[in-house]
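So that the names make sense, note that chain A is the first sequence line, chain B the second, and so on, each numbered from 1. Not measured: the values here are computed from a predicted model.
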There are 2 protein chains.
Amino acid sequence: MTSRQPSLHHQALEILGRRIVTGDLPAGHVMLAESLEAELKVSRSVVREAVRVLQSIGMVESIKRVGIRVLPPQAWNPFDANIIRWRMDSDARGAQLRALAELRSAVEPVASELAAQNAPFPMRRELLQVAEEMVRVGRQGKMERFLELDTRFHALVLSGSGNEMFATLIGQVAETLAGRTTHGLMPAHPKEEALQWHLDVARAILDGKATAARRASAKMINETIEDLSPEWAGQPRVFVPVKP
Amino acid sequence: MTSRQPSLHHQALEILGRRIVTGDLPAGHVMLAESLEAELKVSRSVVREAVRVLQSIGMVESIKRVGIRVLPPQAWNPFDANIIRWRMDSDARGAQLRALAELRSAVEPVASELAAQNAPFPMRRELLQVAEEMVRVGRQGKMERFLELDTRFHALVLSGSGNEMFATLIGQVAETLAGRTTHGLMPAHPKEEALQWHLDVARAILDGKATAARRASAKMINETIEDLSPEWAGQPRVFVPVKP
DNA sequence: GAGTGTAGATGCCTGCACATATCGGTGTCA
DNA sequence: TGACACCGATATGTGCAGGCATCTACACTC
C-alpha cells in the first residue's frame with residue numbers, strides 16, 4: 001500500500017519529523033548538524049537535505065553559529081501531507097481528525113455548489129451513477145464495494161468543483177472514509193437517510209441546482225461528522241495568538 | 001518586507017520553482033542533476049537540496065537512472081506557500097486568486113461558527129472592539145488604518161476557530177486584503193453594509209450565536225468575493241481526473 | 001519471450017574553504 | 001563603579017569538489 005521508500009533521506013526525514021510532532025524534540029530545542037549525523041548514523045548530505053525539507057514545511061529553522069532550532073506547531077504547515085500523517089500517528093491524532101473534519105465540513109458544501117455550476121457533464125453523469133449504485137450496494141450490505149463508491153463519490157465532487165485546492169483534499173477524505181470502516185465505526189448497512197443524501201447531492205449537481213447541492217451536501221457532511229466526533233472528544237483546542 | 005534570504009539554496013529553489021510554475025519546465029520534462037549544476041552555476045549539494053524541497057511539495061520526482069522529472073500541476077501541493085507565491089507572480093495569478101477566494105468563502109463562515117462556539121473570551125471582546133473601530137475609521141475614510149483593522153478582524157476569526165488549518169490561512173487572507181487596496185479595488189469609503197456585516201459577525205461570536213455568526217460571515221464573504229471576481233474573470237477551470 | 005550484462009544516473013559519503021552570528025574581553029565614558 | 005561600544009576569537013551553517021556505491025532502464029543474447 002504505502003510505497004516503500006527506504007532511502008536514507010526518507011528515513012531521516014521520518015525520524016526527525018515524528019520526533020518533533022510527538023514533542024520528543026520540543027519547540028525551541030536546538031540541534032547541531034554534527035550531532036544529528038552521529039545520532040541518525042548518516043552523512044552530512046542526508047541530514048542537510050532532511051533539514052531543508054523540514055525547513056520548507058516550517059518545522060525547523062537553521063541559523064548560523066546556533067544550529068537547527070525546532071519551531072512551535074503554529075509555524076508548521078498543517079496542509080503538508082507528511083505533517084498530517086505524522087500527527088495521525090501521534091497523540092494529536094484526535095485533533096488532526098477534528099481539523100480535517102471541520103475543513104471538510106467547510107469545503108464540501110462549497111465544492112458541491114461549484115460542481116453544480118462548473119463540473120463537466122460526464123462527471124455529473126458518473127456522480128449520479130455512483131450514487132445510484134451506492135444505494136443498491138448499501139442496501140445489500142456490501143460494505144467493501146460501498147466504501148469504494150463512497151470514496152469515488154466524494155472525489156468526483158471535490159474534483160468537479162474545478163478548484164485545485166479542494167481537489168487535493170481527496171486523499172484526506174479517502175483516508176477518513178477508509179478509517180471509518182477499519183475502525184468499525186460503520187454500521188452493517190448504511191443509513192437509508194445517508195443513501196438519500198448522496199442521491200440528492202448528485203441530482204442537484206446534475207441539474208445545475210447550486211444552492212440545493214450545497215444544502216444537501218452540508219446536511220450529509222454534518223451528519224457524518226457527528227458520527228465521527230467521538231474520535232476526538234475532549235481534545236483541547238489550540239488558539240494561536242494573532243501576531244501584530 | 002519580504003525577508004532577504006540570499007542563500008544559494010534559496011535562489012536555486014526560486015529559479016526552479018518559478019520555471020516549473022510558468023511552464024518553462026513543463027510536466028514530464030526530465031533534467032539531470034549535472035546539467036542543473038552547470039545551468040544554475042552551483043554545486044551538487046545546492047541542487048540536491050533544492051530538488052529535495054521541490055520533491056516534498058510534489059513538483060518533481062527523482063528517479064534513479066532517469067533523472068529529475070517535472071510532475072504535472074495536479075501533483076503539486078496547492079497549499080504550499082512557495083507554490084502560491086510563484087503562481088501569484090505567473091499567468092496563473094487569476095486562477096490562484098479564485099482558488100483562494102473560494103477556499104475563503106468555504107472556510108470563513110465555518111470559522112465564524114466555530115469561533116462563536118469555542119473562541120476564548122478575550123478574543124471575542126477584541127473582535128467586537130476591532131469591528132467598532134472599523135466602523136469609525138471607515139466612515140472617516142482612513143483606509144490605511146481600516147486595512148490594518150480588517151486584517152486583524154479576519155485573523156481573529158480564523159484563529160478564534162481553534163482550527164489550526166483555518167488559522168494558517170491568515171497570511172493568505174491578509175495578502176488578499178492588502179492586494180485589494182494596492183490594486184485600487186477599494187472605494188474611498190467602505191460600504192456601510194460591509195461595516196454592518198463586520199459588526200454582525202463580531203456580535204454573534206461574542207454572544208455565542210453560532211448559526212447567526214455563520215450566516216453573517218457568509219454574507220460578508222460572498223459580497224467581497226463578488227467585488228474581487230473581475231480579477232479572475234475568464235480564467236479556465238481545471239478538472240483533475242479522479243484516479244481509480 | 002525470458003534472462004542477463006552494462007552503461008548511466010541518483011544516492012551517499014568525505015574533506016575542505018568560506019561566511020557569519022554569537023560570545024567574551026577590553027577600553028572608554030559617565 | 002557601572003554601562004556601553006567596539007573588536008577579535010570561535011563555533012557553526014553554507015557551499016564546493018570529488019569519489020564510490022547502488023540501482024535500473026535498456027539493449028543484447030539465447
For chain A, the stretch of DNA chain C it reaches, first to last nucleotide, under 4.0 Å of its heavy atoms: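 So the contact region on DNA chain C extends C:dC12 to C:dT22.
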B:R93 and B:Q96: side chain donor to acceptor below 3.5 Å: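 Checked: B:R93/B:Q96 side chains show no N/O donor-acceptor pair below 3.5 Å.
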Answer yes when [X] and [Y] have at least one side-chain N-carboxylate O distance shorter than 4.0 Å, and no when they do not.
{"X": "B:R237", "Y": "B:E102", "answer": "yes"}
{"X": "A:R19", "Y": "A:E39", "answer": "yes"}
{"X": "A:E164", "Y": "B:R87", "answer": "yes"}
{"X": "B:R18", "Y": "B:E14", "answer": "yes"}

Using atom [atom1] of [X] as one end and atom [atom2] of [N] as the other, report the distance to the nearest whole Å.
{"X": "B:E37", "N": "D:dC16", "atom1": "CD", "atom2": "P", "result": "9 Å"}
{"X": "B:K64", "N": "D:dC26", "atom1": "NZ", "atom2": "C1'", "result": "17 Å"}
{"X": "B:H10", "N": "D:dG15", "atom1": "NE2", "atom2": "P", "result": "11 Å"}
{"X": "B:K41", "N": "D:dG15", "atom1": "NZ", "atom2": "C1'", "result": "16 Å"}
{"X": "A:E61", "N": "D:dT14", "atom1": "CD", "atom2": "C1'", "result": "16 Å"}
{"X": "B:L13", "N": "D:dT14", "atom1": "CG", "atom2": "C1'", "result": "16 Å"}

A:R69 side chain near A:E61 side chain, heavy-atom distance below 4.5 Å: yes
Nearest-0.5 Å distance, CG of residue B:L169 to CE of residue A:M165: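 So the gap between those two atoms works out to 7.5 Å.
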Pairs where residues 22-32 of chain A contributes a residue and the test side-chain hydrogen bond (donor to acceptor under 3.5 Å, both in side chains) is met, not counting sequence neighbours: none
Residue A:R44, side-chain heavy atoms: nucleotide from D:dG15, D:dT14, D:dA11 that is nearest: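 So the nucleotide nearest the side chain must be D:dG15.
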Residue whose closest nucleotide on DNA chain C lies nearer the 5' end, A:R65 versus B:M31: B:M31
Sugar-phosphate, base or nothing in reach of A:S7, heavy atoms under 4.0 Å: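 Sugar-phosphate, no base atom in range.
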Identified side chain to side chain contact (heavy atoms under 4.5 Å, CB included) partner of B:D150 from the options B:M134, B:M143, B:R145: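 Among B:M134, B:M143, B:R145, the one meeting side chain to side chain contact (heavy atoms under 4.5 Å, CB included) with B:D150 is B:M134.
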Sorted by number, the residues of residues 48-56 of chain A with heavy-atom contact under 4.0 Å to DNA chain C: none
